[in-house]
Amino acid sequence: MSNIIEDDALAYGNDSTDSNVTSSSASNSNVTSSNVWVDWIVELQSLAQAGLTYGTGRFDLERYERIRQISAEMMARIADMPPEKVAGLFCNETGYQTPKLDTRAAIFRDGRILLVRELDGRWSLPGGWCDVNVSVGENTAKEAREESGLDVRPVRIIAVQDRNRHNTPRYAYGVCKVFMECEVLGGAFEANSETTESGWFAPGALPAMAVEKSTAEQVALCFRAHEAGTAWTPVFD
């Protein structure tokens with residue numbers, strides 16, 4: 001197993017160069033087994049966090065804290081990372097644990113969709129984490145402006161997806177992804193700290209995608225919604 005840190009996210013996935021993997025079936029089996037363990041670890045950490053939030057007894061709180069520590073130590077072993085770093089990413093919240101929110105803008109022109117090029121050279125729909133002081137629609141427009149230079153107006157929800165069911169690598173916490181079709185009001189690409197360029201792509205000519213953020217399947221879903229127009233019914237997991 002190997003891990004990456006993306007936007008301060010604890011992620012985990014299979015490393016195909018692992019010398020212990022002897023076949024694709026063995027690799028898939030290892031990934032499935034590891035995913036089950038991570039699901040259990042995530043649930044333990046969530047239960048411990050809830051206990052720390054609502055518990056009152058001193059001894060119970062100590063037990064919840066120890067369970068949380070154990071979950072971080074187990075995750076560190078699976079992710080092959082220092083326990084201190086995992087604890088900082090995995091156990092850094094208080095209160096009842098809920099999924100994070102990510103928004104993505106689907107912007108069309110002449111039958112093509114707008115993608116932005118990430119710093120690593122791959123492409124994605126413009127978007128990102130939803131800020132605490134803005135709505136889903138406002139965040140979608142803000143991220144589109146920051147990453148593509150375009151001023152847009154969200155007009156409809158395309159889909160609400162559980163990120164771990166559609167994107168890889170899996171994150172060690174929940175993320176809800178909201179895809180919104182937007183209309184362009186103006187603007188043009190400007191140099192920024194997150195993307196290097198933008199481009200318009202036809203359905204059958206997509207570039208290499210940053211799949212942890214946007215997949216070809218998610219882009220295809222946006223195309224179907226655009227073609228359906230006001231007849232589109234938002235899809236969700």
Side-chain angles (χ1 to χ4, degrees), residues 4-11 42 45-46 49-50 52-53 85-108 113-120 122-198 209-215 218-219 221-222 225 234-237:
I4 65 169
I5 298 297
E6 179 66 36
D7 293 335
D8 295 327
L10 175 59
V42 169
Q45 137 61 22
S46 177
Q49 185 170 316
L52 289 169
T53 300
K85 191 168 189 177
V86 170
L89 293 169
F90 189 46
C91 306
N92 63 347
E93 297 181 359
T94 59
Y96 192 82
Q97 191 166 21
T98 60
K100 296 180 180 293
L101 193 61
D102 172 275
T103 63
R104 296 288 152 179
I107 307 166
F108 294 90
I113 195 168
L114 179 78
L115 300 177
V116 292
R117 194 170 193 176
E118 304 287 339
L119 298 181
D120 66 1
R122 297 176 300 154
W123 297 75
S124 71
L125 295 168
W129 297 125
C130 192
D131 289 340
V132 297
N133 59 343
V134 297
S135 69
V136 168
E138 290 168 342
N139 197 77
T140 303
K142 178 183 75 69
E143 290 289 336
R145 182 171 58 254
E146 292 176 351
E147 296 188 356
S148 74
L150 297 183
D151 293 313
V152 304
R153 182 175 72 89
V155 294
R156 66 177 57 86
I157 293 176
I158 295 172
V160 180
Q161 292 185 339
D162 178 343
R163 184 199 172 280
N164 279 343
R165 298 188 185 190
H166 300 273
N167 300 79
T168 57
R170 287 169 56 98
Y171 285 175
Y173 50 77
V175 178
C176 289
K177 296 180 70 69
V178 182
F179 297 83
M180 301 194 73
E181 183 169 357
C182 303
E183 63 179 17
V184 178
L185 303 177
F189 184 82
E190 298 178 358
N192 64 84
S193 62
E194 298 183 77
T195 60
T196 60
E197 63 177 306
S198 64
M209 300 295 296
V211 295
E212 70 276 10
K213 299 180 179 181
S214 310
T215 66
Q218 288 166 333
V219 172
L221 179 66
C222 293
V235 299
F236 53 88
D237 290 323

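Note that the structure is predicted; figures quoted are calculated from it, not measured. The first residue in the sequence is number 1, and the count goes up from there.
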Note to self: Can you tell me how far apart CD (Q218) and CD1 (I158) are? Round to the nearest 0.5 Å.
What the structure shows: 11.0 Å
Note to self: Let's go through N139 and W129 carefully: what are the C-alpha distance in whole Å and the side-chain angles of both, what is the deciding distance for side chain to side chain contact (heavy atoms under 4.5 Å, CB included) to 0.1 Å, and is it a yes or a no?
What the structure shows: CA-CA 8 Å; N139 197 77; W129 297 125; over 6 Å; no
Checklist line | Residue pair T140 / V136: nearest heavy atoms and the distance that separates them | finding: OG1-O, 2.8 Å
Notebook entry, point to check: Just wondering, do F189 and T195 contact through their side chains at under 4.5 Å, heavy atoms?
Noted result: yes
Next item on the list: Answer yes or no: is there a side-chain heavy-atom contact under 4.5 Å between F108 and V184?
Entry: no
Check: Is there a side-chain contact between L52 and T94 (heavy atoms, below 4.5 Å)?
Finding: no
Check: Hey, what do you get for NZ (K100) to SG (C130), rounding to the nearest 0.5 Å?
Finding: 11.5 Å
Item checked: Atom pair CD1 (I157) and CZ (F236), whose distance is rounded to the nearest 0.5 Å -> 11.0 Å
Margin query: Is any side-chain heavy atom of S214 closer than 4.5 Å to one of M209?
Written below: yes
Checklist line | For the student: nearest non-hydrogen atoms of K213 and S124, plus distance | finding: CB-CB, 4.2 Å
Notebook entry, point to check: Which pairs count as salt bridge (Lys or Arg N to Asp or Glu O under 4.0 Å) when at least one residue sits in residues 173-193, sequence neighbours excluded?
Noted result: D102-K177, R153-E183, R156-E181
Check: Hey, does L125 have a side-chain heavy atom less than 4.5 Å from the side chain of I113?
Finding: yes
Item checked: Donor-acceptor pair, side chain of D162 and main chain of N164, under 3.5 angstrom -> yes
Notebook entry, point to check: How long is the gap from CZ on R117 to CZ on R122, to the nearest 0.5 Å?
Noted result: 11.5 Å
Next item on the list: List the atom of P126, the atom of E147, and the distance in Å for their closest heavy-atom pair.
Entry: CA-OE1, 3.3 Å
Item checked: Closest heavy-atom pair and its distance - G137, M180 -> CA-SD, 4.1 Å
Notebook entry, point to check: Between E146 and K142, is there a salt bridge with N-O shorter than 4.0 Å?
Noted result: yes
Checklist line | Inter-residue atom distance C222.SG - L114.CG, 0.5 Å rounding | finding: 11.5 Å
Notebook entry, point to check: Which residues satisfy the salt bridge (charged side-chain N to carboxylate O under 4.0 Å, His left out) test with E194, sequence neighbours excluded?
Noted result: none
Note to self: Looking only at the side chains, is there a donor atom on one of Q161 and N167 sitting less than 3.5 Å from an acceptor on the other?
What the structure shows: no
Next item on the list: Locate the shortest heavy-atom distance separating C182 from A105; write the atom from each residue and the value.
Entry: SG-CB, 3.9 Å
Next item on the list: Answer whether the closest heavy-atom distance between the side chains of R163 and P99 falls below 4.5 Å.
Entry: no
Check: Got a second to check how far T53's OG1 is from E93's CD, nearest 0.5 Å?
Finding: 10.0 Å
Check: Can you list the steps and then say if L119 with T196 is a side chain to side chain contact (heavy atoms under 4.5 Å, CB included)?
Finding: CA-CA 6 Å; L119 298 181; T196 60; 3.9 Å; yes
